[in-house]
Amino acid sequence: MISLLKKWRSCLCLALVLASSAGALAQGHPEIATLGPTTADSRIAAALHQVSAERIRANIEKLVSFGTRSTISAQAPASIAAGRGIGAAREWIKSEFERYSKDCGGCLEVKTDSFTEPAADRIPQPTVITNVYAVLKGTDAENAKRIVLVTGHYDSRNSDTFNVKDDAPGANDDGSGTAVSLECARVLSKLKFPATIIFLTVAGEEQGLNGSLHFAKMAKAESWNLEAVLNNDIVGGDKNAGQDHAVVRVFSEGLPAAATEQEIRRIRGLGGENDSGSRQLARYIADVGRAYDAGVKPVLVFRLDRYLRGGDHSSFNQQGFTAVRFTEFREDFHHQHQNVRTENGIEYGDLPKFVDFEYVAHVARLNAATLASLASAPAPPANVHLLTKDLENDSTLTWEASPGGRASGYEILWRATTSPEWEHVQKYGNVLRATLNLSKDNVIFAVRAVGADGHRSLPVVPLPER
């Protein structure tokens, strides 16, 4: 009898709690929850199944067939006709983008960005460098101004940066990243998105990030609204004993390279060293990795790049853009920047036989899912602020509506200052101000826009407003 009475009281208490919660929600109070994975979009999930490891293999083997893709190798008509050198590789990449465009009824605008790089440490004489890219323009007039971009570098090198005579196959570095850009273009060009996606391949990386720097400067000079850059460099899943084919590293800068001294002082004062735009993009990729079965999980490395090394994403960071780098878990340095040879039983050279093409396909799926999610989402909210005029334990955030008119609501995220990823979410309708019973001293906040279809923008960390 006592046991039944206890059970009745427990059920009554639970009913009262649920009724109270329902009443609060009915009165317009927000829903608070532990942050869970984003729900997958069935259209994007279906597109990921179209990514082909066999096509990726064919593309990498074709890139290797040009012998060397050194930026300073031949690009005259004769060498292009002979199928050797960076000029021949450039023309083939362009023809692939054009073929994909033909397959989708001309949906891609295929373009080149050519310039002459003056003589420098790794460039013996003025050299023409050409970036090749394809633009999938957004279907919404206002949101088409927003751009997300995927890139890899198609140039290669061997042991000597100036050696254009010997082969420099570059299957992994960076035939793999180039193949990711190409395969994302082939698959995603079959779909339509409100925002614009650019599929880019750059040259000059091995000479000093020349191509990416020129492209990033062009984007800044032309005031592109470039929301996110995904750089894939060495994503071949080299078949060495220590490789982990279940994960891919995602590197992101902490203090923004383009931050002013005043901005750096503010970041330090607020404890925001772990909250650059690039870190938010890395966290977004981690969320995408939980939502979609890409076959590989992102491992976030909170560092600009590998220790004392660099890549093309940093060119975009320097111009103030949000950019990250994808790289396999464990590199084999016998297979990078080496002449093809065998010494003491060790095989050197960046050859296709060391590449795991299924792994590259997994990385391509993760990239494609991220691009498609961002291009489907509303723009991030504008002018996000945390009010600090009064000393109080509550925290009030304000923001302006997401530009482009695609947001149907907003979410406030927060996490402990020691946590690497967002932990909690509070959901709101179409409002521009909210107060939480949380101390701004103890957590990091951000606000993101949510579309009617559930797609979410990149989070924006608020600035203080006195």
Distance from L230 atom CG to F326 atom CZ, nearest 0.5 Å? 5.0 Å
Is the gap between the ring centers of F199 and Y100 under 6.0 Å? no
Go through the side-chain N and O atoms of D238 and Q336 and say whether any donor and acceptor fall under 3.5 Å apart. no
Hey, could you give me the NZ/CG distance between K239 and D332, rounded to the nearest 0.5 Å? 13.0 Å
Hey, could you give me the NZ/CD1 distance between K427 and I412, rounded to the nearest 0.5 Å? 13.5 Å
H214: partners by ring pair (Phe, Tyr, Trp, His ring centres under 6.0 Å), with sequence neighbours left out: F115
Check whether T201 reaches the backbone of T178 with its side chain - one donor and one acceptor, N or O, closer than 3.5 Å. no
Which pair of non-hydrogen atoms, one from S276 and one from E253, has the smallest distance, and what is that distance? OG-O, 2.7 Å
Rounding to 0.5 Å, atoms CG (L270) and OG1 (T417) come to a distance of 12.5 Å
Over 12 foreign heavy atoms within 6.0 Å of CG, D441: yes
Using only heavy-atom distances, determine whether the side chains of H337 and D350 contain a donor-acceptor pair under 3.5 Å. no
Just do the side chain to side chain donor-acceptor pair (under 3.5 Å) check on E328 and N172 with the steps written out, would you? CA-CA 10 Å; E328 65 191 22; N172 193 358; 3.1 Å; yes
Side-chain donor-acceptor pair under 3.5 Å between R249 and T327, yes or no? no
F302 atom CZ, neighbour heavy-atom count above 12 within 6.0 Å: yes
Y154 side, atom OH; T71 side, atom OG1 - distance, nearest 0.5 Å: 7.5 Å
How about D394 and T435: does a side-chain donor come under 3.5 Å of a side-chain acceptor? no
Nearest 0.5 Å please: distance from the CD atom of Q319 over to the CH2 atom of W224. 12.5 Å
Flag the pair R306 and E331 as a salt bridge only when some basic side-chain nitrogen lies within less than 4.0 angstrom of an acidic carboxylate oxygen. yes
Sequence neighbours excluded - ring-ring contact (aromatic ring centres under 6.0 Å, His included) pairs with any residue from residues 356-384: H245-Y359
Would you call R433 and T396 a side-chain contact if the rule is heavy atoms closer than 4.5 Å? yes
If you compare all heavy atoms of S314 against all heavy atoms of L304, which two are closest, and at what distance to 0.1 Å? CB-CD1, 4.3 Å
For K190, I'd like to know if atom NZ has over 12 heavy atoms of other residues, nucleotides or ligands within 6.0 Å. yes
Atom of V450, atom of R456 and distance for their closest heavy-atom approach: CG2-CG, 3.9 Å
